[in-house]
Amino acid sequence: MHRIETIKKMKKLNEDTFLIRIKSEAIASRAVAGQFVNIRCSEGMDAYLRRPISICAIDREDNTFDLVYQVRGKGTRLLCGFESGDQIDVLGPLGRGFTLNPEHQHIVVVGGGIGTFPLLQLLKDHPAKKKTAILGFRTKELVVLEDKFKKHSHELLMATDDGSYGQKGFVTTLLEQMLIKERPHMVYFCGPAIMMKRGVEIVSKYGIPCEVSMEQRMGCGVGACLVCACKTKKGEDWDYSHVCKDGPVFAGHEVVFEE
Amino acid sequence: MSLQKDLSVNVAGLKLKNPVIAASGAFGFGREYSEYFDLNRLGGIAVKGLTLLPRKGNPPPRIAETPAGILNSVGLQNPGVHAFIEKEIPFIRQFDTAIIANASGNTVEDYESMVEILSAADIDAIELNLSCPNVKEGCMSFGSTAQGVSQVVSRVKPRAKKPLIVKLTPNVTDIAEIAKAAEDAGADAVSLINTLLGMAIDAHTRKPILANVTGGLSGPAVKPIALRMVYQVSQAVKIPIIGMGGISNGIDAVEFLLAGASAVMIGTAGFVNPMAWVETVEGIEAYMEEQGVKNVTELIGGLMV
């Protein structure tokens with residue numbers, strides 16, 4: 001869907017992280033956790049391409065969805081110039097979201113940095129009896145949405161690289177410690193490639209299935225231009241799948257992580 | 001709108017209901033954008049660049065944003081010509097739009113085989129890709145010299161049973177000379193410009209952004225160069241020209257027609273605005289209405305210098 005929608009809310013969550021709430025019945029009613037939208041940040045020629053941003057939360061009664069993004073460059077900086085009430089050009093919902101299997105009674109979501117955001121709607125939508133969230137950030141100042149994750153999970157473990165909040169170290173270490181004691185039915189990863197690679201290795205040892213949400217520089221966002229390539233297994237060989245259409249969510253064992 | 005307008009054009013036997021064609025590499029095989037607009041609205045679709053065997057393409061990142069444009073280095077990822085014929089042609093044929101098969105190869109023999117295979121397929125024209133800047137063999141290495149173009153075109157032309165369009169690279173000293181070589185060797189039409197070889201660097205990591213180091217520049221940034229080249233080629237050859245490079249709307253398209261193009265191709269603009277192709281058709285119509293132009297062909301080469 002290609003639509004011009006209205007911004008309902010702009011909120012600064014910390015120094016460089018923002019929440020943008022967009023009213024769109026078309027997107028809110030169709031979107032599933034793990035999908036993304038491709039946003040036009042400017043009418044101008046500078047940040048020329050759209051910016052793909054994962055959907056963080058969906059309110060299907062209010063017909064809104066939230067994007068949470070960190071200012072990283074020209075496009076996201078321009079996006080901060082929008083105000084509540086402004087019109088915004090949105091393409092979406094796009095891509096393949098997370099798989100929700102009702103037979104999975106215990107699920108774990110593992111997120112790192114901006115990769116934590118798409119996991120929120122997954123927690124909201126998944127019918128599992130027990131939901132654990134393991135979230136990591138570089139440092140305490142970057143921790144956002146903790147209350148929301150707390151609300152939609154049964155167990156929340158926090159980690160920071162520098163130990164300024166929660167446990168010092170990586171989310172994958174917390175995951176590994178957890179798996180010694182219990183066996184969840186499914187693990188979902190979203191974050192830096194190195195974290196997801198390590199995460200997939202860990203859960204594979206225990207024979208637990210997992211999904212990963214991949215990132216790559218994108219063009220069209222709909223699967224036509226083939227730029228956002230992601231190496232995936234194909235029989236004994238491999239091929240390039242595309243993050244925007246075949247993903248962003250892939251089965252963990254499908255992805256060939258680069259060194 | 002009151003004026004009775006005719007947007008149809010004939011490019012060396014390739015009949016198009018309007019002069020707007022989706023450019024190769026930007027439109028896949030039409031499936032994705034068919035969810036956004038009615039493909040019947042298009043004059044034609046130049047499909048993703050095809051090769052004899054499937055190709056995986058280059059490692060990512062394959063795209064870098066640049067001012068008013070993008071660099072890409074996809075490297076001809078495609079399912080191969082046979083999968084195209086079997087799976088993709090039946091899909092596109094549901095729509096009333098011309099199918100232009102873009103063909104690449106490593107060797108002259110590859111190009112010969114491609115043209116033979118495609119001549120037997122249900123397509124409307126063949127666009128010979130002598131201009132992809134992102135692969136090591138074939139393509140631009142043939143297309144960057146008059147001799148190379150002449151060699152490939154003269155060898156494939158006797159095998160072509162469909163209009164043969166030769167897609168030219170702008171990465172040459174004199175594109176008019178290359179276009180003339182294509183014409184002399186039997187090309188029915190030329191299309192230009194393919195992307196300009198460029199590069200983007202991340203100063204912070206001190207690394208190139210594209211895994212392939214270099215890539216092809218497209219988008220509004222290249223439009224002035226593309227217009228100049230279409231104009232120069234139109235002065236040098238008699239065969240029709242399909243113009244492209246940075247076209248985003250009807251007025252951009254009219255500029256290319258005035259410079260000498262008989263039809264236009266649009267690629268990159270569609271990534272930003274998925275309605276760019278349709279809006280360009282509507283924009284050309286609006287221009288004709290405003291200017292009292294009944295036949296779009298009146299605009300071709302109509303530049304007043």
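Chain letters run A, B, ... following the sequence lines, proteins first and then strands; every chain starts at 1.
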Rounding to 0.5 Å, atoms CE (A/Met218) and CZ (B/Phe271) come to a distance of 13.0 Å
For [X], which atoms come within 4.5 Å of any heavy atom of chain A: side chain, backbone, both, or neither?
{"X": "B/Phe27", "value": "backbone"}
{"X": "B/Tyr33", "value": "side chain"}
{"X": "B/Ser73", "value": "neither"}
{"X": "B/Pro59", "value": "both"}
{"X": "B/Ala211", "value": "neither"}

How about [X]: does its [atom1] atom have over 12 heavy atoms from other parts shown lying under 6.0 Å from it?
{"X": "A/Arg138", "atom1": "CZ", "result": "no"}
{"X": "A/Ile194", "atom1": "CD1", "result": "no"}
{"X": "B/Gln77", "atom1": "CD", "result": "yes"}
{"X": "A/Glu25", "atom1": "CD", "result": "no"}

Heavy-atom donor-acceptor pair, A/Gln216 side chain to B/Pro60 backbone, under 3.5 Å: no
Shortest non-hydrogen separation from [X] to [Y] and the atoms involved:
{"X": "A/Tyr240", "Y": "B/Lys56", "result": "CD1-O, 3.1 Å"}
{"X": "A/Tyr48", "Y": "B/Val272", "result": "O-CG2, 3.2 Å"}
{"X": "A/Arg40", "Y": "B/Asn273", "result": "NH1-CB, 4.5 Å"}

Can you pull out the residues in residues 66-74 of chain A with any heavy atom less than 4.5 Å from chain B? A/Lys74
In residues 220-235 of chain A, which residues are in contact with chain B at a heavy-atom separation under 4.5 Å? A/Cys220, A/Val222, A/Gly223, A/Ala224, A/Cys225, A/Leu226, A/Val227, A/Ala229
For a 4.5 angstrom cut-off between non-hydrogen side-chain atoms, does [X] reach [Y]?
{"X": "B/Pro67", "Y": "A/Met45", "answer": "no"}
{"X": "A/Lys245", "Y": "B/Glu32", "answer": "yes"}
{"X": "B/Pro274", "Y": "A/Arg50", "answer": "yes"}
{"X": "A/Arg51", "Y": "B/Glu65", "answer": "yes"}

Check this for me: does any side-chain nitrogen of one of A/Asp239 and B/Arg55 sit under 4.0 Å from a carboxylate oxygen of the other? no
What part of A/Leu94 gets within 4.5 angstrom of chain B, counting heavy atoms only: side chain, backbone, both, or neither? side chain
Name the option with the most non-hydrogen atom pairs under 4.5 Å to chain B; the candidates are A/Asp89, A/Leu91, A/Asp46. A/Leu91
Side chains of A/His2 and B/Glu35, donor plus acceptor under 3.5 Å: no
Of B/Gly30, B/Gly267, B/Gly69, B/Gly270, the largest count of non-hydrogen pairs under 4.5 angstrom with chain A goes to B/Gly69
